[in-house]
Amino acid sequence: MLTKILIANRGEIACRVAATARRMGIRTVAVYSEADAGSKHVAVCDEAVLIGPAAAKESYLRGQKIIEVAKATGAQAIHPGYGFLSENAEFAEAVHAAGLVFIGPPGSSMRAMGSKSAAKQLMEGANVPLVPGYHGDNQEPAFLREQADRIGYPVLLKASAGGGGKGMRVVERSEDFEAALASCKREAISSFGDDKVLVEKYLIRPRHIEIQVFADTFGNCVYLHERDCSVQRRHQKVLEEAPAPNMPPDRRAAMGEAAVNAARAVGYVGAGTVEFIANQDGSFYFMEMNTRLQVEHPVTEMITGTDLVEWQLRVAAGQPLPKKQSELAIHGHSIEARIYAENPEKGFLPSIGTLRHMDTPAAVEFELGAFGLDPAAVRVDSGVREGDAISPFYDPMIAKLIVWGADRTQALARLSQALSEFQIVGLATNIAFLKRLVEGEAFSSADLDTGLIERHGETLFPAPSAAPLGALALAALALGTGETQRGASNPAEPWAQASGWRMNSAYRRVLGFADEFTGKEGGYQVGLTYTSHGWEIDANGERQPLALVRQIGAELTIRLGETSLHGSVRRDGDVFHVFTGGRHFTLAYNDPMAHAGEQEAAGGRLTAPMPGKVVAVLAVAGKEVKKGDALVIMEAMKMEHTISAPSDGLVEEVLYQVGDQVADGAPLLAFKTA
Ligand code: ADP
Ligand code: ADP
Ligand code: MG
């Protein structure tokens, strides 16, 4: 058996491989870039070696350097994870030549599957069904167009060397063929340095169904059933599940056998995935083979009760596959959702930033049920922790949320619950989008095809709606209690002087919040009136009695009218992130000065909202001003803040001059409301 391996990857997959190795008593060596010095994968491995700067080309893609590190640290094998060097035949061969084990297939298998055209030629010979098309060497535009005319439109052009959806072009009519071919070739040459293309029939409303295969060095090869990865954006997977809904057992066996034939045809060893594109009637065709562990492998682990990384390590150590085909049954249903740092509302643009707060659902990492027991219902595979950054250098995936259920209905319910418990503050995520997707009619009823997201744009991207009274109440109470606590240690804090929170007098305070997400016109004016029982809240034209029932840290339970409501509120600067009812509201508390103004409205002092420097004094003692007139401008944190008149009134006295440094909460001027 192996005793020490090097993990040539980062993030989630590096942590996941390390977890299995640890369970098996195998030591792990991490490699990391300068950007990842403090990252989770470095912390969970036994040793870690810096291999270069942040850019992948200068770190995680430096095959020779990684091999040197493996030798120097005494690792016997290298696990490439996915992405980076995982499908690089030269790297696999160099590892072997250095006397180390590459945890994956031989370089020759990768090469055979590396070109989509060559792979199809091979598959044709192995009796694996192919999408009608042309994948030969003749690249003459006129000839290719003839082929497209013969196949029948629409057709799909793909770069032979392609991946990640790059270069793919759908052609609807013969007249458009030439232009599409030219643009496909342009993208293919710039992305892959190879402009060879193939033409295939473009299927209408297809499903993406793939088969997990596994082979050992003794000639055994099995399939661990299918995964349905039809829910995609830009030809990239978003949700993956196993088994595929509505899959008849005979078709499952036929696809499984076709996948095993494909793997055998290239002398495959280790974990691999054969991707098929399937028509709604169930007919299926080979698309490509991914010669590595796949991002979505956990759903297969959940339904088969296997640890695929353990299988990889055993096969790499020269052991036979732990199970025979007849021992691989399907148990229950599993779904994975990829949690990305991205903005679905803005075309799924990646977002970068720091995970200021991350709360994951109650879950178990990499835990599989012992034989005969159910696996963990909820599993979170993540390569980041609270405080880590999602940088522009690598993939923007934050975590994978994987659930298991006795059937699809139970798995769906758990997924939706778990998504509600996933709380992230600091950057944009696709969590709310995933929740709508998972709860939507199309996915719930398993009406699956690769166009699902596009077709259901209206329900998946609803017009933003205003925050409900409950969310506003939670933000207001979190603000109030937070200020009371802070006020105790800082008597200069303007809110501390506002004894309204503790007084029983009927005093109405108005809190202004801007809605960062919906950009709601004018924001919210939340009125709180102190009563003998708590408060009365008014906003959005509604009015309800409000009481704080319980507060532990960020968790609040409130009573709003007759209902009890639970939520958590995370404060990031002036922004209140309210998580309640499975939704996330981003409410920015308006400039505190506006409120300092309100409380001073009866006559008093306007105070500094933060420590800073006075850069301009516009107010003149003894002069009348109008509501909103700028009085003092302060500078703090490289930003200017204008303190303006809360109402019409009179400036009685100005207490600071330009250039003065002012403490947080210090009175700036005396003001009298007209
Ligand atoms: P699949 O979902 O079929 O496994 P993907 O293409 O979605 O395939 O996932 C693998 C891809 O994810 C890689 O080709 C790479 O672009 C990206 N990727 C994988 N692992 C990492 C990683 N650790 N860091 C950055 N990018 C990665
Ligand atoms: P990549 O290397 O980018 O993963 P694939 O060949 O695996 O490329 O195709 C990616 C996706 O493109 C598929 O999951 C599917 O959504 C779509 N696709 C590929 N081939 C076809 C086809 N012939 N008809 C319709 N959609 C297709
Ligand atoms: Mg693919």
Side-chain angles (χ1 to χ4, degrees), residues 82-83 86-88 110 112-124 128-135 144 147-148 150-172 180 184 187-188 190-194 196-213 226-241 244 255 259 262 271-297 336 338 348 395 442 448-455:
Y82 48 71
S86 62
E87 292 184 277
N88 185 315
M110 290 187 196
M113 288 296 185
S115 152
K116 288 189 206 282
S117 310
K120 288 190 148 185
Q121 277 164 30
L122 257 173
M123 292 305 111
E124 217 161 23
V128 178
L130 300 182
V131 186
Y134 175 77
H135 46 260
L144 290 174
Q147 296 302 310
R150 174 182 61 80
I151 296 161
Y153 295 88
V155 298
L156 183 62
L157 288 170
K158 284 186 190 176
S160 289
K166 287 214 179 77
M168 291 207 290
R169 297 286 181 282
V170 180
V171 191
E172 305 280 352
C184 174
E187 193 169 335
S190 81
S191 301
F192 313 109
D194 177 351
K196 192 173 182 198
V197 303
L198 61 89
V199 190
E200 48 181 57
K201 177 93 189 152
Y202 184 66
L203 305 189
I204 304 302
R205 300 198 57 176
R207 282 167 72 177
H208 174 121
I209 299 180
E210 58 185 36
I211 307 286
Q212 175 72 54
V213 294
E226 77 280 4
R227 293 184 287 257
D228 190 315
C229 314
S230 300
V231 183
Q232 306 181 343
R233 52 140 174 71
R234 279 200 239 103
H235 302 298
Q236 300 278 9
K237 300 156 187 169
V238 177
L239 295 173
E240 300 110 338
E241 61 183 307
M255 292 182 87
T273 294
V274 181
E275 296 189 333
F276 293 100
I277 188 110
N279 277 310
Q280 293 289 331
D281 69 8
S283 51
F284 61 91
Y285 309 103
F286 172 85
M287 208 161 31
E288 65 165 345
M289 180 168 188
N290 292 325
T291 54
R292 53 173 161 87
L293 193 68
Q294 205 100 336
V295 174
E296 56 274 23
H297 75 276
E336 171 179 290
R338 299 189 188 192
F348 298 98
D395 196 273
L448 304 172
D449 71 273
T450 58
L452 186 149
I453 290 179
E454 267 178 39
R455 206 172 38 256

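Since we're looking at a predicted model, the values are computed, not measured. Atoms within a ligand are numbered from 1 in the order they appear, just like the ligands themselves.
To the nearest 0.5 angstrom, Leu239 atom CG is 10.0 Å from Asp228 atom CG. A distance of 10.5 Å separates CZ of Arg234 from CD1 of Ile453, quoted to the nearest 0.5 Å. Atom OG1 in Thr291 sits 5.0 Å away from atom CE in Met110 (nearest 0.5 Å). Between the NZ atom in Lys120 and the OH atom in Tyr285 there is a gap of 11.0 Å [rounded to 0.5 Å]. Atom NZ of residue Lys158 and atom NZ of residue Lys116 lie 5.5 Å apart, to the nearest 0.5 angstrom.
Nearest to atom 10 (C) of ligand 2 by heavy atom, out of Glu275, Met168, His208, is Met168.
Here the protein heavy atom with the shortest distance to atom 17 (C) of ligand 2 is His235 ND1, 3.6 Å. Annotation: atom 2 (O) of ligand 2 to nearest protein heavy atom, Lys116 NZ, 2.5 Å. Regarding atom 16 (O) of ligand 2, its nearest protein heavy-atom neighbour is Gln232 OE1, 2.7 Å. Remark: minimum distance from atom 4 (O) of ligand 2 to any protein heavy atom is reached at Glu288 OE2, 2.9 Å. Scanning all protein heavy atoms for the shortest distance to atom 9 (O) of ligand 2 gives Met287 SD, 3.8 Å. For atom 21 (C) of ligand 2, the closest heavy atom belonging to the protein is Leu156 CD2, 3.3 Å. Among all non-hydrogen protein atoms, the one lying nearest atom 3 (O) of ligand 2 is Gly165 N, 2.6 Å.
The name of the N, O or S atom in Glu275 nearest to the Mg ion (ligand 3) is OE1. The N, O or S atom of Glu288 with the smallest distance to the Mg ion (ligand 3) is OE2.
Counting the atoms of ligand 2 from 1 in the order shown, those under 4.0 Å from a heavy atom of Lys201 are 22 (C), 23 (N), 24 (N). Distances below 4.0 Å separate heavy atoms of Lys158 from the following atoms of ligand 2: 6 (O), 19 (C), 20 (N). In summary, the atoms of ligand 2 found under 4.0 Å from a heavy atom of Ile277, numbered by their order in the structure, are 15 (C), 18 (N), 21 (C), 25 (C), 26 (N), 27 (C). Distances below 4.0 Å separate heavy atoms of Leu203 from the following atoms of ligand 2: 24 (N), 25 (C). Those atoms of ligand 2 with a heavy atom of Thr450 less than 4.0 angstrom away are 16 (O).
Ligand 2 is never approached by Lys237 to a heavy-atom distance shorter than 4.0 Å. Look at Gln236 and you'll find every heavy atom at least 4.0 Å from all atoms of ligand 2.
Residue Lys166 does not touch ligand 2, judged by heavy-atom distances below 4.0 Å.
Under 4.0 Å is where a charged nitrogen must lie from a carboxylate oxygen, and between Arg207 and Glu226 no such pair does.
For the pair Arg338 and Glu296, the minimum side-chain heavy-atom distance is below 4.5 Å. The shortest side-chain heavy-atom distance between Gln294 and Arg227 falls under the 4.5 Å cut-off.
Residues Gln280 and Asp449 have side chains that never bring a donor and an acceptor to within less than 3.5 angstrom of each other. Side-chain atoms of Arg233 and Gln236 form no donor-acceptor pair, as typed in the model, at a separation below 3.5 Å.
Heavy atoms from other residues, nucleotides or ligands lying under 6.0 Å from NZ of Lys201 number more than 12.
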